[in-house]
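For reference, the structure is listed below as structure tokens.
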Amino acid sequence: MTTSSPRKKKRSLSTYLSYIGNAALAFMMLLTTTDVLGRYFFNSPVLGAYEITEYLMLIMVFSYLALAQSQKAHINVDIVFNRLPAWMQRIFERFNHIVCLLVMILVTWKSAQRIVELKNTGEASLLLKIPDYPFAIFLVIGCLVFCIEFFKDAFTRKDVEQEK
């Protein structure tokens, strides 16, 4: 007897990437709590907590962007947009997704170039000397998955999907 159900939702790459963001958020909360308790009760803060929190924040933000796009969770102002005919809304939406896709491709490309610079110069955090380039790699991965979500939104037919 199989337990798999046809209603089981297929997980996307953005969902898996968000799990990394969840872990980063949990670790950031644990680190901040440990730092505060250590600072005020034992007069011994966690060395480099601020630097580590910065890196974890980068991981968290870029791991959630694509998931928010896939779930249409970004904020949008649609005062005028909702008054337009449905066919015009679809045109504007598709145009918006294509423009956003092009911008994110540019951000991904320039960030990939920056990785090479960071690797060659050996830039690192001031206190703990953690290299910066691995976190720039994560930024590129997050932007790349974000591009995939914009591509799906721009080039899939929504009217066909809504009929299913």
Side-chain angles (χ1 to χ4, degrees), residues 8-82 92-156:
K8 194 171 193 177
K9 189 174 179 183
K10 191 170 99 175
R11 290 196 171 99
S12 65
L13 191 56
S14 60
T15 303
Y16 291 115
L17 192 59
S18 72
Y19 296 156
I20 296 171
N22 292 342
L25 177 61
F27 186 65
M28 191 169 29
M29 291 187 315
L30 181 66
L31 176 65
T32 303
T33 302
T34 305
D35 186 43
V36 168
L37 292 175
R39 179 181 315 272
Y40 290 110
F41 291 116
F42 304 109
N43 200 22
S44 177
V46 176
L47 183 67
Y50 183 76
E51 290 177 353
I52 295 169
T53 302
E54 286 177 331
Y55 290 131
L56 291 171
M57 186 70 74
L58 181 137
I59 290 171
M60 191 180 69
V61 167
F62 284 94
S63 63
Y64 290 135
L65 279 177
L67 182 67
Q69 179 61 30
S70 72
Q71 296 178 349
K72 308 298 176 254
H74 292 293
I75 296 172
N76 56 7
V77 180
D78 49 13
I79 296 170
V80 176
F81 187 76
N82 285 342
F92 281 132
E93 236 181 81
R94 184 155 295 166
F95 176 76
N96 180 46
H97 291 316
I98 291 171
V99 169
C100 289
L101 172 63
L102 293 174
V103 168
M104 287 312 298
I105 287 172
L106 183 63
V107 169
T108 305
W109 172 50
K110 295 307 277 180
S111 297
Q113 287 180 336
R114 182 75 175 128
I115 290 171
V116 175
E117 290 175 21
L118 290 172
K119 179 79 169 136
N120 291 338
T121 60
E123 286 187 41
S125 64
L126 293 174
L127 186 62
L128 298 177
K129 304 295 182 210
I130 299 171
D132 289 339
Y133 76 91
F135 300 97
I137 291 171
F138 194 85
L139 183 146
V140 169
I141 291 169
C143 287
L144 191 60
V145 177
F146 199 26
C147 286
I148 292 169
E149 291 298 331
F150 275 128
F151 184 85
K152 287 193 296 191
D153 288 342
F155 299 109
T156 57

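Quick note: numbers below take in every heavy atom, side chains included, and nothing from hydrogens, waters or symmetry partners.
- Using a 4.5 Å heavy-atom cutoff, the side chains of Leu67 and Leu17 are not in contact.
- The distance from atom CH2 of Trp109 to atom CG of Leu144, rounded to the nearest 0.5 Å, is 15.5 Å.
- Taking OG1 of Thr108 as the reference point, atom CD1 of Ile141 lies at 11.0 Å (rounded to 0.5 Å).
- When side chains are defined from C-beta on, Ile59 does not count as touching Met28, because their heavy atoms never get closer than 4.5 Å.
- Nearest approach of Cys143 to Val107, heavy atoms of both residues: SG-CG1, 3.9 Å.
- Under a 3.5 Å cut-off, the side chain of Tyr64 and the backbone N or O of Gly21 do form a donor-acceptor pair.
- Taking the six-membered ring where tryptophan is involved, the planes of Phe150 and Phe146 are tilted, since the angle between them lies from 30° to 60°.
- Residue Ser63 comes nearest to Ile20 through the heavy atom pair OG-C, 4.4 Å, listed as atom of the first residue, atom of the second, then distance.
- Heavy-atom contacts from other residues, nucleotides or ligands closer than 6.0 Å to OH of Tyr19 number more than 12.
- The two atoms that bring Arg94 and Thr156 nearest to each other are NH2-O, 2.9 Å, heavy atoms only.
- Rounded to the nearest 0.5 Å, atoms CD1 (Ile52) and CG (Leu128) are 5.5 Å apart.
- At a threshold of 4.5 Å between non-hydrogen side-chain atoms, the residues Phe155 and Leu101 count as touching.
- For CG of Asn43, the number of neighbouring non-hydrogen atoms (other residues, nucleotides, ligands) closer than 6.0 Å is 12 at most.
- The only member of Ile98, Val103, Asn96 that meets side chain to side chain contact (heavy atoms under 4.5 Å, CB included) when paired with Cys100 is Asn96.
- Here the side chains of Arg39 and Asp35 are in contact, with some heavy-atom distance below 4.5 Å.
- Counting all heavy atoms, side chain and backbone alike, Leu126 lies closest to Lys129 at O-NZ, 3.0 Å.
- Residues Glu149 and Ser12 are in side-chain contact: their nearest non-hydrogen atoms beyond the backbone lie under 4.5 Å apart.
- Tested against Glu117 for a side-chain hydrogen bond (donor to acceptor under 3.5 Å, both in side chains), the candidates Arg114, Gln113, Lys119 yield a single pass: Arg114.
- A distance of 6.0 Å separates CD of Glu51 from CD1 of Ile130, quoted to the nearest 0.5 Å.
- Within the model, atoms CG of Leu106 and CE of Met104 stand 9.5 Å from one another, a figure rounded to the nearest 0.5 Å.
- Atom OH of Tyr50 sits in a sparse spot, with 12 or fewer heavy atoms from other residues, nucleotides or ligands closer than 6.0 Å.
- With a 4.5 Å cut-off on side-chain heavy atoms, Phe81 and Glu93 count as touching.
- Nearest heavy-atom pair, Tyr55 versus Ala124, reported as atom, atom and distance to 0.1 Å: OH-C, 4.5 Å.
- Contact between Asp132 and Ser125 at its shortest, heavy atoms only, is OD1-N, 3.9 Å.
- The shortest side-chain heavy-atom distance between Leu30 and Thr34 falls under the 4.5 Å cut-off.
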